[in-house]
Asker: 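One structure coming up, written as structure tokens, with questions to follow.
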Amino acid sequence: METKLLTQHVGDPQQHTMERAIEHGAYQAWQKVLKEIAPADLIQIVKDSGLRGRGGAGFPTGLKWSFVPKDSLKSKYLCCNADESEPGTCKDRVLLEGDPHAVVEGMMIASYAIGCHTAFFYIRGEYDIGQVRMSKAIADAYAKGFLGKNILGSGYDLDIVVHRGGGAYICGEETALLSSLEGDKGLARLKPPFPAVEGLYRCPTIINNVETLANLPHIVVKGAQWFASLGTEKSKGTRIFSVSGHVKNPGNYELELGYSLRDLVYGLAGGILDDRPLKAIIPGGSSTPVLLPDKIDTKLDFESVAAAGSMLGSGAVIVMHEETCIVWVAEILAHFYMHESCGKCTPCRQGTGWIYEILRRIEAGYGKMEDIDTLLDIADNIEGNTICPLGDAAVVPVISTIKLFRDEYVYHIEHGKCKVHSQFKLRTK
Amino acid sequence: MSDFNITVNGRQVPVIKGQTVLQASLAAGIDIPVFCWHPQLVPVGACRICLVEIEKLPKLQVACATIASEGMIVHTDSPKTIKVRQGVLEFILAHHPLDCPTCDKGGECDLQNLTFKYGLDYSRQHEPKHRVIVDANSTFDDLQIGPEIIRNQNRCIHCYRCTRIVDEIAFEDDLGAYQRSYHTEILPPPGREIRNLYSGNIVEYCPVGALTNDDWRYKVRVWLTKQTSVICPHCPDGCNMKLWNFHNKLFRATSRANENIDNGFICDIGRYGYQYVASPDRIKRPMVRRSGELVETSWEEALSLIRKQTDDIKSKLSGSGFFGFIGDIRTNEEIYAFQRLLRRVIGSNNIDHRFHRRRRLTPGEEVSSRGIESDNAEFKDIENADVIVVLGSDLHSENPITSLRVKRAVKRHNAKVILLNPLPTPLGKRAATLEVIYKQGTAAVLLHGLIDAVVDLERFDPSAIKLSAAEISDFRKANAAYAGVRGSEITGVDVTLVARVAEILAAAQNVFILAGSYVERDPLRDSLHLAVANLQSFCKSARKIFLPPDSNSVGAAFFGAEPTVLPGRQSWGKKAIYEDLWHGPIPDAPGKDTIGILEAIDEDEIECGLVFNADPVRLFPDGEYVRSVMEKLKLLVVIDSFMTDTARLADVILPLSTFAEIEGTRVNWEKRMQYSQRAIPPLHESKPGCEIIELLADRLGVKFNQSKPSDVYQEMARFFPTGAPTTYAAIGRDGFLIRSAETNKPGKLAYLRFVAPAIDTEYRFILLVGNADHHRGTLTERNEILMKFTGEPFVGISEADATDLAVSDGDLVKVESKYGRVVGKAMILRDFPSKRVLLPENFGEMSTNILMGRQDKIDMIKLAKM
Amino acid sequence: MFRVLKQIFVAIPIGMFTVLKQAFRKPVTIQYPFEKEPMMPRYRGLHFLERYEDGSERCVCCGLCAASCPADAIYMEPAETEKGERYAKIYEINELRCIFCGFCEEACPEEAIFLGKEYEFADSQRDKFIYTKEDLLVKWPREIPSPVKFIRKDRRVTWENLPEEQKQ
């Protein structure tokens with residue numbers, strides 16, 4: 001059963017207009033915050049609610065906000081990270097197109113909490129409709145007096161600037177996003193110093209995901225306790241899961257955290273296409289390890305999925321049935337990372353390319369036995385040695401698929417053709 | 001001294017607070033490999049080869065960017081570190097082409113060295129290497145991205161040192177990294193080339209052979225060459241360079257990183273400016289004039305001719321019938337020996353090295369106006385200033401490394417830079433907070449107006465400066481004609497702009513004033529110097545430097561190449577010391593300066609001259625006058641390396657060795673004396689200056705037995721401050737400073753009297769001279785590489801004037817003055833003030849001095865299309 | 001006395017018979033210069049500079065042979081062709097300095113210089129022993145096929161000349 005908290009109004013085709021959004025309760029939280037809640041209390045509320053970042057890392061949002069130095073004389077900035085490029089993920093798109101005012105309101109609340117007067121909205125260049133709707137929503141908010149100088153007489157100023165990205169997955173990484181926002185190439189930067197202390201233009205900056213911000217109005221209106229009542233002990237609230245792959249009803253499903261993966265795949269998503277047996281499932285976007293069917297009963301929350309050997313990540317569930325060649329899956333994911341690497345640090349720049357080329361060779365049937373060990377060694381050399389987590393993410397598909405499906409690799413190498421394809425007598429690619 | 005210790009590989013390593021692990025380890029002698037780190041650039045951690053293991057931290061950390069904290073335990077040789085290092089090298093080598101046999105960097109390549117030291121000796125890569133193809137027909141993928149720089153993208157290891165140097169150090173935008181992942185290419189912006197003045201540095205600091213330059217390309221292997229340490233002779237910054245030679249041929253010049261001066265970056269003029277040494281135009285043998293033509297002859301014949309003729313002239317006119325000119329580019333030893341030759345052997349005090357001054361000064365005036373001199377200051381004082389005022393100087397072209405220091409102050413300490421110039425300059429576009437363009441000749445008025453504006457401000461605090469209220473108010477009253485709107489009318493500078501500059505100055509804690517060649521050439525030069533001193537008095541704390549025109553002008557002034565002072569800046573009263581030292585009499589009265597000499601020749605009082613590497617016919621502002629005067633001389637001996645305009649009029653020419661063929665010391669504008677080694681023995685039949693002077697002295701009757709520069713240095717050493725090194729070997733890397741005690745106490749304020757020059761209705765344009773891109777002075781046109789950047793002279797005009805005259809880029813225009821005319825191709829300059837023309841003075845085919853008159857204050861010309 | 005007799009009747013005849021035996025054996029002497037024995041395969045004689053199959057020189061003037069030569073017998077100056085490639089403008093070996101160790105052949109990365117079997121190049125003047133590039137290059141077109149088994153047949157590996165098994 002879906003818990004429609006964030007997506008309750010996205011079905012309404014007029015939700016993106018200001019009138020309809022206000023009818024459905026938009027900006028109530030904002031007015032409440034401006035009138036009644038002090039920024040420090042707001043941070044405490046969010047901490048108490050247990051909201052964790054929805055971008056993939058799952059860092060507690062309230063804690064992140066509290067890293068901003070309060071006595072700093074520099075301006076503080078908020079960035080909303082709408083550069084959603086993780087393969088399999090399309091949850092933010094739903095919110096940007098279907099309920100943009102919720103996101104705008106979330107940005108306002110977050111800005112108020114950290115004392116920011118200029119917020120930036122960084123949206124992936126390919127999301128055309130999302131950018132149009134968000135820009136319109138922001139313009140409407142200015143018109144209504146919810147943004148600008150001395151908002152609703154409270155003495156608080158806030159401006160939101162919209163910035164379109166140029167089409168790079170790396171700009172979803174926070175330091176590369178800041179580089180891109182400053183006008184430079186989207187190259188990752190070293191951390192420390194962390195963005196919360198020295199970020200955009202060397203000022204304290206908070207970067208939050210779209211979904212995280214969309215939760216804030218609900219937390220403010222209904223209270224931290226109410227929010228903490230959803231979900232599990234350590235993973236509170238709901239998440240939008242994008243289910244794709246071999247399922248009958250792919251799409252976005254908003255669930256309370258702790259929902260069982262089996263119920264999601266076989267229940268809401270309608271089960272596997274053609275009712276074939278399940279082969280592998282990626283629970284949180286391509287940067288998370290693959291799970292075997294025996295983990296189908298894992299609960300979808302941060303701890304349980306981690307205990308099962310993977311990560312909740314961005315909540316993109318990719319389902320593969322028995323006719324999927326795992327080597328081919330690893331190859332196309334490696335191609336993605338090779339293409340999206342920013343090129344600053346050597347291991348990721350050269351290593352992702354090398355991994356892709358080896359996988360392509362194995363998949364085409366020209367592999368050698370040493371290649372598997374070479375792949376694992378390259379992956380070991382990349383992991384932990386890069387500036388940003390893209391390097392770590394790139395090696396995850398390789399390591400996890402070799403660990404769990406080594407026999408397929410060996411078959412490719414020894415026989416020069418695909419095990420799955422030979423088994424099912426499919427047409428060769 | 002260190003603040004605390006960290007442990008690296010079991011050793012205790014001292015750390016100064018703020019240092020990174022890498023800096024501390026390198027200082028202690030522990031080797032950590034680097035590619036993308038450079039001591040002068042902000043660390044980026046891009047190459048990942050300096051990853052080290054630090055206990056209690058989960059992942060390996062980059063040593064170049066991790067600040068060392070007390071109690072850190074670092075391992076640079078643990079198994080994990082070694083494996084990762086091999087992994088990074090393997091990643092780089094995976095797509096690095098097998099170009100070592102043909103790559104110019106072979107033998108000095110960081111990748112080669114590190115692979116031998118830390119890498120694996122096998123490869124497990126079976127995929128073909130990535131290749132960026134430039135030309136499908138060739139097997140070599142070299143792309144010319146600038147006049148001198150060639151890029152081979154396959155070899156690039158993406159350390160980004162090149163783009164960072166261009167961006168962070170030079171403040172230029174010539175080079176960038178395009179695309180992402182391993183397709184990243186280093187290129188200039190589309191449609192442009194990399195041709196900024198510091199572009200050679202990216203070749204020197206590229207760790208591999210991805211960026212190479214044309215002068216080293218396919219010429220020689222680095223292990224065959226020998227290096228010598230020299231000081232660059234082109235400008236008074238005095239950067240330290242190395243010349244690389246093999247079989248006595250010079251192949252390249254690189255930097256010799258001196259933190260006092262250049263921090264490891266040299267400009268392209270120094271880097272490629274050694275080529276004139278091997279130019280085919282050099283004078284190879286002595287020449288004498290027979291029946292009107294110059295013919296080659298032997299040293300013996302030339303010297304005997306000189307002896308015979310000087311004897312004749314001396315018998316008629318005695319010592320005062322002779323003069324000597326010496327160029328500022330020579331070493332101190334040659335200058336000292338030359339003035340000694342003139343004073344002791346020939347008996348004349350008519351010696352000078354300054355060719356830009358037009359107004360004749362009586363000896364008394366000359367001495368008293370010497371009161372305004374540069375303060376004692378060094379490069380690092382520029383960095384510590386919070387406001388830098390550049391007055392009358394195209395700093396970017398005249399002192400490129402000082403300009404880099406100004407940019408460094410802007411980048412690291414947020415210094416504000418104010419330019420006050422008669423024309424817009426490249427530094428203005430790159431690093432200036434405010435750029436003020438004043439009308440040529442009105443700089444003193446501008447400064448006085450500025451002082452008035454500063455005093456006028458609310459925030460001006462009279463107690464912070466050492467002037468009394470009475471002095472300030474008297475000054476303001478006297479200054480009223482130059483303040484506010486009235487001053488603006490004279491200078492052409494808007495009042496609000498002056499007010500903004502005043503704001504910045506009044507708020508400054510530490511001001512540094514750099515005054516350059518336009519101050520020297522200003523018609524009100526002396527008043528301008530006094531105005532600068534006035535400005536200094538009104539600032540809380542300010543230093544000023546009058547940048548000397550050439551590389552050893554300071555040395556020439558110090559070692560007596562002027563008519564009214566003796567070596568060591570001694571006054572005429574101390575002459576007995578020198579007579580004692582040189583075992584003989586020297587003339588009683590001070591001599592004549594440049595213009596005095598020229599006028600004396602005109603009046604037949606002087607008949608013989610020695611011109612030592614100087615070219616008054618080309619430099620002195622009134623070319624025709626000088627030429628006619630020089631032709632009057634009975635004996636003109638020119639000692640030079642090239643056939644200059646003056647040499648063409650000579651009776652005897654003696655070939656002189658260039659900077660790379662002599663050893664000696666030079667003094668830069670900091671008054672730092674530095675030693676330059678000899679790189680190659682003298683070419684052709686040229687001789688080093690000291691040897692020529694010793695031969696002449698010997699032939700004319702006095703033996704000093706000091707034909708080697710080191711001998712001359714021994715004698716010069718008595719004029720140095722106590723404790724200074726007396727042998728070349730004792731001069732260390734830092735050189736030493738020859739300074740007198742601080743001469744500039746805030747003295748009385750000087751008042752200005754400004755008379756506007758007459759307006760000529762026919763000649764309506766003002767003539768300004770400057771340097772062309774990649775040129776400085778008269779020697780750069782003999783370097784073929786520098787001529788690739790700007791190969792021919794131009795006539796710089798503003799857009800407004802170009803439209804008026806219907807002239808576009810490249811059209812021939814005629815520049816004419818009362819005295820002469822010049823024809824050149826027009827070049828339209830952006831943001832150039834109208835009714836002015838800029839001509840470069842670096843090209844022999846366009847003599848700018850024939851347009852100038854020695855009685856004129858400002859040079860006016862008219863412009864017409866051909 | 002017995003000893004003397006043994007000497008006379010035993011040792012001396014043995015010696016004489018040995019002489020006679022050897023006198024009728026075929027001599028080992030080779031009548032040089034009319035007969036010439038071929039040298040061993042790894043014999044190091046006069047150098048020669050090789051070419052690719054299209055005639056272009058292999059030597060790129062990298063300087064490794066000169067650097068590795070223990071007798072400092074090689075001098076070279078590189079230059080650039082119109083195609084932008086590196087080649088040796090001047091390449092000289094002083095065969096009198098050379099000790100025929102073969103280090104240059106081992107050091108060469110381009111399979112350009114080899115030591116052949118030629119040993120008959122005596123002369124009467126010292127300056128005739130400076131062998132220039134023209135003297136050292138193999139003749140083109142070849143009169144006899146090259147004795148060298150090359151690893152690299154062409155300057156740059158292109159798709160066409162890649163061995164089949166490496167194509168994907």
Side-chain angles (χ1 to χ4, degrees), chain B residues 95-109 112 116 123-145 148-155 209 212-225 245-249 251-252, chain C residues 49-50 52-70 72-92 104-113 151-168:
Chain B
H95 291 287
H96 194 83
L98 301 171
D99 275 352
C100 289
T102 57
C103 174
D104 287 311
K105 203 88 179 177
E108 52 178 4
C109 172
Q112 273 184 345
F116 265 84
S123 162
R124 45 188 181 173
Q125 185 207 359
H126 303 287
E127 290 72 36
K129 290 186 189 264
H130 299 142
R131 188 178 158 198
V132 172
I133 301 181
V134 165
D135 181 2
N137 292 327
S138 169
T139 52
F140 281 57
D141 295 320
D142 296 328
L143 178 68
Q144 191 98 22
I145 57 173
E148 257 304 285
I149 311 280
I150 298 170
R151 177 214 77 176
N152 186 321
Q153 187 59 43
N154 303 333
R155 299 177 193 159
T212 50
N213 52 13
D214 257 334
D215 75 337
W216 182 252
R217 181 173 167 82
Y218 298 169
K219 296 267 165 57
V220 72
R221 279 295 184 194
V222 69
W223 58 78
L224 297 169
T225 55
N245 80 71
F246 172 54
H247 283 175
N248 295 333
K249 275 210 289 253
F251 283 95
R252 74 173 172 188
Chain C
L49 288 172
E50 267 293 350
Y52 285 108
E53 290 184 358
D54 61 353
S56 56
E57 301 159 15
R58 277 183 186 255
C59 175
V60 285
C61 201
C62 65
L64 290 182
C65 55
S68 66
C69 179
D72 199 16
I74 306 182
Y75 175 77
M76 62 179 71
E77 277 180 24
E80 197 171 347
T81 64
E82 299 98 40
K83 268 166 67 166
E85 294 173 352
R86 184 178 171 131
Y87 79 107
K89 183 171 74 184
I90 297 179
Y91 188 93
E92 292 173 353
C104 51
E105 180 178 338
E106 284 179 38
C108 181
E110 300 287 329
E111 298 175 310
I113 187 165
I151 298 176
R152 247 191 13 188
K153 297 277 189 313
D154 211 315
R155 172 151 284 175
R156 185 71 85 123
V157 173
T158 57
W159 187 250
E160 284 73 35
N161 58 15
L162 197 63
E164 273 308 310
E165 71 267 11
Q166 292 203 19
K167 294 199 190 181
Q168 303 164 27

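Given the structure is predicted, the values throughout are model-derived calculations rather than measurements. Within every chain, numbering begins at 1; the chains are lettered A, B, ... in the order of the sequence lines, protein sequences first and strands thereafter. Hydrogens, waters and symmetry mates play no part in the numbers below; they use all other heavy atoms, side chains included.
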Asker: Are side-chain heavy atoms of Leu224(B) and Met76(C) found at a separation under 4.5 Å?
Answerer: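 No, their side chains stay 4.5 Å or more apart.
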
Asker: Is there side-chain contact between Cys62(C) and Arg221(B), with at least one heavy-atom pair below 4.5 Å?
Answerer: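 A side-chain contact under 4.5 Å exists here.
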
Asker: Which atom names give the shortest non-hydrogen contact between Pro78(C) and Val220(B), and what distance separates them?
Answerer: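 Where Pro78(C) meets Val220(B) most closely, the heavy atoms are CG-N, 4.2 Å.
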
Asker: Going from CD on Glu77(C) to NZ on Lys249(B), what distance comes out if it is rounded to the nearest 0.5 angstrom?
Answerer: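 Rounded to the nearest 0.5 Å, the CD-NZ separation comes out at 5.0 Å.
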
Asker: With rounding to the nearest 0.5 Å, note down the distance linking CH2 in Trp223(B) to CG in Leu64(C).
Answerer: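 It comes to 5.0 Å.
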
Asker: Checking Glu110(C) against chain B: side chain, backbone, both or neither under 4.5 Å from a heavy atom?
Answerer: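 The side chain, not the backbone.
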
Asker: Could Arg86(C) and Asp104(B) be called an ion pair, given the rule that one side-chain N must be under 4.0 Å from one carboxylate O?
Answerer: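 Asp104(B) and Arg86(C): salt-bridged.
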
Asker: Mind checking side chain to side chain contact (heavy atoms under 4.5 Å, CB included) for Asp72(C) and listing every partner two or more places apart, or none if nothing turns up?
Answerer: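 In terms of side chain to side chain contact (heavy atoms under 4.5 Å, CB included), with neighbours along the sequence ignored, Asp72(C) is linked to Arg97(C).
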
Asker: Determine whether Glu80(C) and Phe140(B) make a side-chain contact, defined as any pair of heavy atoms from C-beta on separated by less than 4.5 Å.
Answerer: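 Not in contact.
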
